[in-house]
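Step one of this worksheet: look at the structure below.
The first residue of the sequence shown is numbered 1, and numbering continues consecutively from there. Side chains included, hydrogens not; waters and symmetry mates left out as well; all remaining heavy atoms used. Counting starts at 1 for both ligands and their atoms, in listed order.
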Amino acid sequence: MDITVKKSVPLKGEIEIPADKSITHRAFMFAALTKGKVKVSNYSKGADCMSTLKIIQDLGCSVEFINDKEVLINAENSLKEPKEALDCGNSGTTTRLMMGILAGQNFNTKMFGDASLSKRPMKRVIAPLELMGAKFKHNDYKMPIEIQGTQLQGIDYNSTLASAQVKSCLLLAGLNAEGITSFTEPYKSRNHTELMFEYMGADINVEGNRVSIKKSQLQPKDITVCGDISSAAFFMVAALIVPNSDIIIKNVGINETRSGIIDVLKAMNGHIELLNKRIVSNEEVADIRVKYSNLKATTIEGAIIPRLIDEIPVIAVAASQAEGTTIIKDAGDLRNKEADRITAVKTELQKLGADIEETQDGFIINGKTELKGDCEIECYHDHRIAMSAYVAGLICKKPIKINEFQWVDISFPEFLELNSKLTIS
Ligand code: S3P
């Protein structure tokens with residue numbers, strides 16, 4: 001689906017942001033391990049989470065859609081060997097977290113994914129799992145991968161990468177391993193696994209950037225998933241850069257390990273208010289008011305990077321509208337996402353007229369530049385590149401065409417509908 005994006009009227013009004021992708025993956029997978037029934041309310045309907053849901057069904061869970069918002073997962077029977085290879089689609093989170101579950105089962109599985117997923121590095125999870133005794137067959141640590149289930153042993157693993165996917169993989173493996181499994185990372189990555197494990201009664205201990213788990217049985221507890229700050233990010237930036245905008249984004253997860261974008265946009269002089277703070281299934285949630293603002297440049301580096309890793313493409317759009325030079329560094333892992341997001345963002349924003357250069361691990365962006373548009377944008381099969389380009393298109397002088405915009409369905413199928421809700425004049 002190719003679309004055209006035109007200069008926007010001000011964004012006004014309220015929207016409710018759909019469910020968090022990371023938390024939904026975990027809710028589905030952890031429910032599958034409870035040996036009971038779990039109702040998941042307000043789950044993400046993005047294709048990535050549907051890949052996870054299909055996989056737990058292939059492993060023997062039954063799934064009942066109660067209504068548009070609620071799904072009941074019945075995991076009363078133990079997981080069983082799937083009849084066919086498991087399709088992880090485009091989803092790195094499905095792949096890496098499921099490996100932690102599957103490596104310790106008493107059966108074998110095969111996993112595969114789409115062209116983008118088949119290029120992504122899996123050594124980051126395979127290497128530590130092998131230290132726990134796991135057995136794999138693969139070609140250069142890439143999908144497709146065969147997992148030979150076996151009894152795992154706990155390890156004390158020091159990761160050079162701050163990664164919630166690696167951490168969660170090892171914690172899931174540790175749930176079923178002998179002894180204690182510990183994971184330490186240089187900066188704290190998103191902690192949804194730790195919070196949900198705690199909520200479901202696992203024997204987990206967190207000290208700073210180190211997490212340890214003992215063999216535990218997760219208890220069946222219903223989960224309500226909050227809205228996704230990574231989806232809200234697109235409307236936050238849109239409202240900050242489209243003149244006269246003033247919006248409220250409701251039900252956004254503002255977990256400290258995910259909310260780096262709020263800190264950065266505030267440091268850039270963005271008008272952002274957090275309203276109605278509350279706790280939902282062990283996660284902090286708020287409604288967020290965002291008003292058009294005169295942005296100024298900033299530097300983004302170090303410990304904040306894992307707290308906003310997925311938002312960097314749209315932060316780059318904001319930086320193109322900020323006075324001064326924005327520097328983003330320590331974000332080299334962006335090259336290993338659904339696309340090489342450093343080269344993709346630079347190439348597409350340059351086409352629009354932004355003054356942006358790539359470095360090995362980030363960007364140098366000079367603002368404020370008028371975006372002229374009048375070009376065709378590629379989204380590299382990457383949902384976040386597609387939506388970041390859309391946001392930029394809202395302020396381009398001339399319309400832009402975005403090719404294959406359907407990639408948004410990976411995380412945010414409701415994106416266009418919510419955008420039109422905010423732009424009814
Ligand atoms: C995710 C963790 C992040 C993030 C990804 C989702 C998760 O990846 O980029 O979109 O749900 O754990 P890394 O942990 O590899 O940085």
message: Using only atom types and a distance under 3.5 Å, with no angle test, would you say the side chain of Ser189 pairs donor to acceptor with the backbone of Ala164?
response: yes
- prompt: Evaluating non-hydrogen atoms only, which member of His192, Arg26, His25 is closest to atom 12 (O) of ligand 1?
  reply: Arg26
field: Glu256 and Lys188 ion-paired at < 4.0 Å
entry: no
- prompt: Between Lys337 and ligand 1, does any nitrogen or oxygen pair lie at a separation below 3.5 Å?
  reply: yes
- request: Using a 4.0 Å heavy-atom cut-off, say whether Lys167 meets ligand 1 through its side chain, its backbone, both or neither.
  value: neither
- request: Considering only NZ, NE, NH1 and NH2 on the basic side and carboxylate oxygens on the acidic side, decide whether Asp361 and Arg335 come within less than 4.0 Å.
  value: no
N-O pairing of Asp58 and Lys80 below 4.0 Å: no
- request: Return the residue, atom name and 0.1 Å-rounded distance of the protein heavy atom closest to atom 6 (C) of ligand 1.
  value: Thr93 OG1, 3.5 Å
field: Backbone or side-chain N or O of Ala164 under 3.5 Å from ligand 1 N or O
entry: yes
field: Within 45° cone and under 6.0 Å: Lys110 NZ/CZ vs Phe112 ring
entry: no
- request: Look at atom 4 (C) of ligand 1 and say which protein heavy atom is nearest, naming residue and atom and giving the distance to 0.1 Å.
  value: Asp310 OD2, 3.3 Å
query: Among Ser163, Ser411, Pro306, whose heavy atom sits nearest atom 15 (O) of ligand 1?
result: Ser163
task: Could you list the atoms of ligand 1 found under 4.0 angstrom from a heavy atom of Ile309?
output: 9 (O)
Aromatic ring proximity Phe235/Phe415, centre distance under 6.0 Å: yes
query: Among all protein non-hydrogen atoms, which one is nearest to atom 11 (O) of ligand 1, and what is the separation to 0.1 Å?
result: Ser22 OG, 2.7 Å
- prompt: Got a donor-acceptor contact below 3.5 angstrom from the Gln360 side chain to the Gly332 backbone?
  reply: no
